[in-house]
There are 2 protein chains.
Amino acid sequence: MSENAQATEGAAVAVRMNWGPLSSAVGTNVRLLRNELVTRIVEAYAPFDLRSGALSVMVLIRGNPGCSQSELAREVAMDDSAMVAIIDELEQRGLARRTRSTTDRRRNSLSLTPEGEALMTEMVGCGTAVERPIRDELSAAELETLIALLRRAYGALMAAPRDRA
Amino acid sequence: MSENAQATEGAAVAVRMNWGPLSSAVGTNVRLLRNELVTRIVEAYAPFDLRSGALSVMVLIRGNPGCSQSELAREVAMDDSAMVAIIDELEQRGLARRTRSTTDRRRNSLSLTPEGEALMTEMVGCGTAVERPIRDELSAAELETLIALLRRAYGALMAAPRDRA
DNA sequence: TATTGTTATACTCTATAACTATA
DNA sequence: TATAGTTATAGAGTATAACAATA
C-alpha cells in the first residue's frame, strides 16, 4: 500500500527538500497545495477558454442573484477594473448579463443566462475531478475537518487588522 | 471576547457571499486563505525590498546546503529562468553566493552568507507574525491537524498523474 | 463627498524559446 | 542526447490613476 507509489507514473517525484523553519508554517503548506491545485485547474479549464477567475464569478453570480461587480470584486479580492474584463468576456460569450439596477442606477445587476448556468455546472464538475486524489486520500471526516479549519483560519485573518507598523 | 470584533477596526468585513457548490471545495478555501496570507506577507516583507520568492529560496538554500538552482526551481514550482533573477538579486545584495560545483561544472552550488542567514531569520519572524491571528484562533492540536491535512492533500495530488484526457 | 463602472497604463509574474557549457 | 544556467521576449495577472454617472 505504500512502497514507492510515486515511481509508477513516469518521472518520479523528487524527495521534498528541507523547508527548515517554514515547514510547519501555515503559509508554506497552503501555498504549495494551492499552487499544485491551480496548475491542474488551469489545465482542466483550458478547453473552456475563459480567463482564470471566470468560474468563481459565475458561481457567485448564480449564488447571489443581482449582485454587483464591486461586490464580486471584493469577494474574490480583485480590483474593480479587473472584474470589468471578466464580465465583458462572460457577456460576450452569452454566459452572463448586465442589467442596470432600478434602485441604484450606478450598479450593474448581474445574472447568468441558461447557457451560463449549464457551463458553470459542467466546469464545477471538472473542478471536482481535479480534487479527486485529495478526496480519495482523506476520509470524509478529515475532509470536513480540513475545510472547517481552513475557514476558521481565513476568518481569523480577516477579523484581524492588517496594519502592524 | 467576541461581540463584533470586526467592527472595531475601520471598515467592517462584509458578510461573505454565497459560494454555492464551491463553498466546500478544497480549492476555494485554500485559495481564499492563501490570497489573504500573501496580501499580508507582501505587506510585511515590503521593507526588505526583495521579490516574492526570495525568502523561500533563502530558507531552502539554508536547509539544503549546496543545492542547485534547478532543484530550487523544481521545489517551488517555478521556471529555471525565473530563478536566475532571484539568485541574481540575492547575490547582488550579498545574501547568497554561487559557487561552481567541482563534481558537475554545470551546477551552481548555492549557499547563504552570514548576512543572508541573519536576514532570513528576521524575515521568518515577520512571516510568523503574519500568521499570528491563525495561531491565536486555533489550538495547538488543531494547528497541527491543519498542517498535517494540508501535507497529505498535497502529497496525494503530487502522487496522482496530471493528465486525464 | 463617496461609490459604481470604465478605460488606460504600468508593473510584476510566468512561460517559452533559444543558446552555452557541460555531462 | 540530456541537463544547468542564462538571456530575451511575450503573455497573463494585478495595481494605479483618472474619469463619468449616480448616490
Query raised in the report: Is it true that the side chains of B/Gln69 and B/Arg98 contain a donor and an acceptor less than 3.5 Å apart?
Result: yes

Query - Non-neighbouring partners of A/Arg105 that pass salt bridge (charged side-chain N to carboxylate O under 4.0 Å, His left out), sequence neighbours left out - result: none

Report summary line: note: A/Asp88, atom CG; C/dT7, atom P; distance rounded to Å ~ 6 Å

Query raised in the report: Considering only heavy atoms from C-beta outward, does the side chain of A/Cys126 approach that of A/Phe48 to under 4.5 Å?
Result: yes

Query raised in the report: Rounded to the nearest Å, what distance is computed from the CZ atom of residue A/Arg74 to the C1' atom of nucleotide C/dG5?
Result: 13 Å

**Report entry** Results of side-chain hydrogen bond (donor to acceptor under 3.5 Å, both in side chains) for B/Ser70 - residues two or more places apart only
**Finding:** B/Asp80

Query raised in the report: Of all of residues 103-113 of chain B, which get a heavy atom below 4.0 angstrom from DNA chain D, listed by number?
Result: B/Arg106, B/Arg107, B/Asn108

Report task. Can you tell me the distance, in whole Å, between the CE atom of A/Met83 and the C1' atom of C/dT7? Result -> 17 Å

Query - Whole angstrom value for the distance that separates P of C/dA21 from CZ of B/Arg100 - result: 11 Å

Requested in this report: Looking only at side-chain atoms of A/Ser70, point me to the closest of D/dG5, C/dT6, C/dT4.
Outcome: C/dT4

Report task. Go through the steps for B/Arg16 and A/Glu75 under the test salt bridge (charged side-chain N to carboxylate O under 4.0 Å, His left out), then give the verdict. Result -> CA-CA 7 Å; B/Arg16 291 280 310 281; A/Glu75 183 71 12; 2.7 Å; yes

Query raised in the report: Rounded to whole angstrom units, what separation is found between the CD atom of B/Gln92 and the P atom of D/dT6?
Result: 11 Å

Using nucleotides 8-17 of chain D, report all nitrogen or oxygen pairs with the protein that are shorter than 3.5 Å.
from: D/dT16; atom 1: O4; to: A/Ser81; atom 2: OG; distance (Å): 2.7

Query raised in the report: In whole angstrom, what separates B/Asp80's CG from C/dC19's P?
Result: 18 Å

Report summary line: Residue set satisfying side-chain hydrogen bond (donor to acceptor under 3.5 Å, both in side chains) with B/Arg51, at least two apart, ordered chain then number -> B/Glu89

Query raised in the report: Just to confirm, is there a sub-4.0 Å distance from OP1 or OP2 of C/dT3 to any side-chain nitrogen or oxygen of A/Gln69?
Result: no

Query raised in the report: Taking only residues two or more places apart in sequence or in another chain, which ones pass side-chain hydrogen bond (donor to acceptor under 3.5 Å, both in side chains) with B/Ser109?
Result: none

**Report entry** Atom-pair distance (CG on B/Leu72; C1' on D/dA4), nearest Å
**Finding:** 12 Å

Query raised in the report: Under 4.5 Å between any side-chain heavy atoms of A/Leu33 and B/Arg34, yes or no?
Result: no

Report task. State whether a side-chain donor-acceptor pair under 3.5 Å links A/Ser56 with B/Arg31. Result -> yes

